[in-house]
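Reviewing the structure listed below.
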Amino acid sequence: MQDSLVRLLQRSYAFDHRWKYEAATPGWSREIWAQFAEIGLLALPFTSESGGLDGTPVDTMIVMEQLGRHITLEPYLSTIVMAGGILRRAASTEQHESISTKVIDGSLIVSLAHTERGTFGSPSRVGTQAVRSGDLWQISGHKSCVLHGDSADLLIISARTSGAPSDAKGITLFAVDPRATNINIQSYALHDGQRASDIQINSVLVPHSALIGCVDDGFRILQSAEYETLAAVCAEAVGVMSELHQMTVDYLKQRKQFGVPIGNFQALQHRAADMYIALEQARSMAMYAAMMSQTDDKTAIAQAVSSAKVQIGRSAKLIGEEAVQMFGGIGVTMEFKAGHYFKKLTLLEQFLGHADHHLELLTSGPGLFELE
Amino acid sequence: MQDSLVRLLQRSYAFDHRWKYEAATPGWSREIWAQFAEIGLLALPFTSESGGLDGTPVDTMIVMEQLGRHITLEPYLSTIVMAGGILRRAASTEQHESISTKVIDGSLIVSLAHTERGTFGSPSRVGTQAVRSGDLWQISGHKSCVLHGDSADLLIISARTSGAPSDAKGITLFAVDPRATNINIQSYALHDGQRASDIQINSVLVPHSALIGCVDDGFRILQSAEYETLAAVCAEAVGVMSELHQMTVDYLKQRKQFGVPIGNFQALQHRAADMYIALEQARSMAMYAAMMSQTDDKTAIAQAVSSAKVQIGRSAKLIGEEAVQMFGGIGVTMEFKAGHYFKKLTLLEQFLGHADHHLELLTSGPGLFELE
Amino acid sequence: MELQFNADEIAFREEVRAFIADNLTEEMKQGMLRGGYLIRDHVIEWQRILNKKGWGVPHWPVEWGGAGWSPIKQSIFTEELQLAPAPRPLSFSVYMVGPVIIEFGSEYQKKRFLPRIANSDDWWCQGFSEPDAGSDLASLKTNARREGDYYIVNGQKTWTSYAQYADWIFCLVRTDPTVKKQMGISFLLIDMKTPGITVRPIQTIDGGHEVNEVFFDNVKVPSENLVGEENKGWDYAKFLLSAERVNLARLGVSKERLQRARELAARTPYQGRPLLEHDGFRTKLAALEVELKALEITQLRVLSAEGQSHGAPDPASSILKVKGSELQQATSNLLVQILGPDALRRQDDAFDDWSSMITANYFNWRKVSIFGGSNEIQKTIIAKSILGL
Amino acid sequence: MELQFNADEIAFREEVRAFIADNLTEEMKQGMLRGGYLIRDHVIEWQRILNKKGWGVPHWPVEWGGAGWSPIKQSIFTEELQLAPAPRPLSFSVYMVGPVIIEFGSEYQKKRFLPRIANSDDWWCQGFSEPDAGSDLASLKTNARREGDYYIVNGQKTWTSYAQYADWIFCLVRTDPTVKKQMGISFLLIDMKTPGITVRPIQTIDGGHEVNEVFFDNVKVPSENLVGEENKGWDYAKFLLSAERVNLARLGVSKERLQRARELAARTPYQGRPLLEHDGFRTKLAALEVELKALEITQLRVLSAEGQSHGAPDPASSILKVKGSELQQATSNLLVQILGPDALRRQDDAFDDWSSMITANYFNWRKVSIFGGSNEIQKTIIAKSILGL
């Protein structure tokens, strides 16, 4: 599958293709998505009982790195890794049949609507409310920056069903049709060209069968899916960095100034070496996060993904900024590839918590080497 | 005076002189000290009423930078800046006659014994006790790392006379003869060759006239003297850095490898430029600290000296470590100058609080630009 | 050595502040807060307001409209404008071509151009960089062939800021290809309306349009528009590049960013309370403030030294460029970090606050360590001119 | 790809830990904690304990006493020794000259030297560096002139670690001055008791005595002590320099330092409570741990790759050297920062705790980015061999 993916992306995801996908609705390529389905990419993390391939986080890592190399626009992370991670963990057999199967065959785009504005650093803070009356639940609230919210065929919405606004217990997940009346979706582009939405939910009614998992038990599932997503984001960032670093090295060899390739200048050589070290350190930590995500120890997983995000953040900043600096003027132009990789790295650093945030999380746990 | 000092140090403070001074008792040169007295260096910060020159912190800065350039061993900082700062602020007319006059003529070495072990970050934490009975005070306690404690003719000891162990109020300063019985001085060398002592004070009796300043009012004086000392230490560090940077640049020009001076390598050129920038930024902040020390606004002074210490710490680490790296093997040998400058910078960084400590102090105050 | 402002300077600062407060419109201010890009109408309007007050070109000789201020006062003036923030003056006009014309231009050129520059009647852009030259500016290829009373110019310039608004462009052109590259360059003033000039926009990664390519196809330039002597253009260019002393560090810009960082962090919750109250954040802020304070003093030192030596630019001013750009970039990154998850959104009319422009500004400002003599070039200058390596 | 130890490896680690716990004396451990310097008697005694167990030279071929372990197991073994901490093996013997003799030495040399190395009956030192060579190792000047069955050696070596204890020195010497510098070098084994050898100590800035100058004045060396062929010494030296793969990063050393940092910070008051409880400190600690964890994984990746390719050293191992030395230095600096004001004191018998050696260790460890191929050399290797610049 990895080979098929590499070939597919090389064939159909050159930089000018990407421009076209971004410009047309829905901001990514349904054709590519169909091909992802064809080579099994969309089935990867699902269990074989629900028609999936039983892929591991390491398999996801390999895919995400390739997607990162081409800074792809498709909703793989949001639909397959995030929403898929929740479905795999919590969907009922009926839901697998009605939802997962369609996700796997590429006909259903699902987005997770969990984060709300102003809750950074407090992942269990959910202000969206769901109140039960009989067999119906009535949901009201506001969700922020829902990835690909405008092309989602289904939303997984987290809502508070009991407890105080920041309690971990009392959060429930609901499958909601975004085309329901009383859902207002305001969409916009992110800096990397991906689409996202702010979603206003005004007293939307859903049946009890729309619950994914048990009442009040959503946070545990969200958190596991988030760890997996973090590991995937780290892998994606490694793909972006690898490609950007390679581009930079190629440029250093080819670009001449004062009569010689600028790669002959020792200062630039040593900086390119520093970038390479940062890249390999990041790659190691992305691997580590993926490996650890396969274990059962939640503390160890949390520690691993946070430390990976710290390393990836540091490396991404160094590589991104240095690459742009070495490219000079063209590094900051829209028509040239490198700047887009830099922007993507900037976004990935801010997505699901920047390095400083994850460092702060690490300080409250045991030392990284104290568990051994 | 500056010219005299420069000439004196050039003549009598070459690196091999320094070795001799360090090796002989008391670990510095009484001859140099006498010459310091002669050119007025010891009178500098004292007021003209007490026989001094009314020098400002900026004058002290100029002197300290020169002393730093030769990493001198004499007790200028401890006797003139620290103890001198206390005497200038708090000594009575009689004390000026009996103490300051002799400091100025070079015949009396005074050391401040304030810091106690384990009190880092809590400058008003004084465990040493002084209890009054009639006209006598009985002092007991332990002081740590008293600079030049073994050559001091007089100690200024801080002791708690009221309040809780960390109260700012309730600290009193006493002039104590270190040769008093019941004072046990254990001396040792610091890493830069200077001498220091741990002092055990066991029920030492002193008359009421030994008080410097008022009862319970010592901390205010200590703190002002400490700010002044911090500014002086910053200036000293700038002297050390300047000299070390110059040595490094000279070495880059002269040392050949692979057939060319290593200073031809662009990576080293750019790193030398970074060192230069760090040096000039440090110099600016040393000036700033000295200038601000002349004002009356305590908050502004505290902020200025802390921010100077932060910048100096950062610059010193960069310049010290980079210099040693560029010198290579000889940079870490005892017989070569550069390593000693590096060691001195390391010590100055830890003296009176490292950069992290002063950064922490800054975070609790207003912003540096909010006062403008 | 004077590292604090004296009473006269403080009074001057108050005067400038009061003038800005009275004259800067909220619209101009919001434009600056949002963009960082020059807004043509604001720049022109504000320049005229300043010029009317006699502050349009304060650093020029008094006979051409200068204010006769010390370098320190000029620096105070610039910083206050940046802190406001007021529209930036068009540096290509008032800091670059103006001083070159004053120093090397003909009487005709002075009379024709200087008053119009001071009043922003003409908008100037700079034609120095070329696609293959990069930091090796002198390897430029655009050529000017003398034909009678005209030069015929052919070639291409790039990274030309705000060429889309420009009435005039000052260009370095090759007038003698047979000699050493620095020796065959001339300095020409070219009317942008001349036939044969094409401007092609370059979009930057933040989505903005600031820089352009400018193509010259047999463009006829009257020889009276040659500045100084033919083939001496490199000297004038060096003069120009070292002229914008007072604004290299752009301290006011970074200070203004730090003010905004405090403001934004105070209203951004993190783990349930304002980010500004978190020690970790305050430490980062304090560390940046220390570096900025150090640079402020360093700038005062360089300015005082120049005030005394009248003229010769201090190579130490390369410090101002390197540290100044690092701090502009660090403060712009700090704002991104404060935004956190909100930093992902591209500017959108739905979010009309200046905070929506933060990430775009961070992207755009990667340029400040590249343009105007990259930081690598500055470090080489320090190594060679100051350290003698 | 296997980034975690498997059951067999975990069992092996337990076995190593148990063996160390049973055999390492408290005296040896304290010696390591205090110094960082090799203590001659401890090194010899510990090597003999390991050798008796069959672990003295685990990385050698089994026929010469090797343990037949995978690279991962070798790395576990090394790290556990560092974590204990146990006396470091004498790398000049077991990691340098031993493998060279195994690969290129004569049968006579193998039989004579290898068993004695494994049991530390001989102490070896390394005669590579010379005063004027620095990073340009091949420009060495010490020469060996053939006279009958002997070489007559004249010249000077420097930075010779622990020469004061050495029974033997392995030297690069120039045997042909007429050819390209790398081509005229030979690899000689020299008995330190031979007349004409003088060892002069070099004191390092921490006050310790580890390195030396070694002078050769007409030293007669039997030609049977030439390794391999005359003038092929540079090849053997390159082999040697790339041989100590398993220990480049010295992860266990840095980990052990971080453990100590936690321990020291827990008992160091700052602002009235243990430093370890302060967020700012914990952030620094966590940041270092992340980098160290990343390096640990990077090392596992390099080792697995080598385990598969059998032999050829990965140029990526330069990462291990660069990052490994940076982390050793960063952790040693962290300890200094924890000490704070107590860091000023030079070691003194009055303070017999290992904390009194922290500052001296920080000074001494500036060498780890200089010796054994400076970090600059490593970055050049990365740029050229991996990036193709």
Would you say the side chain of [Y] lies within less than 4.5 Å of the side chain of [X], judging by non-hydrogen atoms?
X	Y	result
E360(B)	T283(C)	no
F281(C)	T363(B)	no
L387(C)	H245(B)	yes
E296(C)	Y288(B)	no
R301(C)	E280(B)	yes
K384(C)	Q269(B)	yes

Original post:
Is it the case that more than 12 heavy atoms not belonging to K256(B) sit under 6.0 Å from its NZ atom?
Top reply: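 Atom NZ in K256(B) is not crowded, with 12 or fewer foreign heavy atoms closer than 6.0 Å.
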**OP:** For E289(C) and S307(B), test the side chains for any donor-to-acceptor distance below 3.5 angstrom and give the result as yes or no.
**Re:**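 On atom types as modelled, these side chains do not qualify, holding no pair under 3.5 Å.
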Kindly give the heavy-atom pair with the smallest separation between [X] and [Y], and that separation in Å.
X	Y	result
F369(B)	K293(C)	CZ-N, 3.6 Å
I277(B)	K323(C)	CG2-CG, 3.7 Å
A294(C)	S284(B)	O-CB, 3.5 Å

**OP:** Output the distance between atom CG (N375(C)) and atom NE2 (H270(B)), rounded to the nearest 0.5 Å.
**Re:** 10.0 Å
Original post:
Counting distance only, does the side-chain N/O of R314(B) pair as donor-acceptor with the main-chain N or O of E291(C) below 3.5 Å?
Top reply: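 Between the backbone of E291(C) and the side chain of R314(B) there is no qualifying donor-acceptor contact (under 3.5 Å).
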Between [X] and chain B, which part of the residue has a heavy atom less than 4.5 Å away: side chain, backbone, both or neither?
X	answer
Q378(C)	neither
I381(C)	neither
Q259(C)	neither

**OP:** Count the heavy-atom pairs under 4.5 Å between each of Q281(B), Q246(B), M285(B) and chain C, then report the option with the highest count.
**Re:**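 The candidate making the most pairs under 4.5 Å is Q281(B).
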Subject >> Atom group of D274(B) that falls short of 4.5 Å from chain C, counting heavy atoms >> reply: side chain
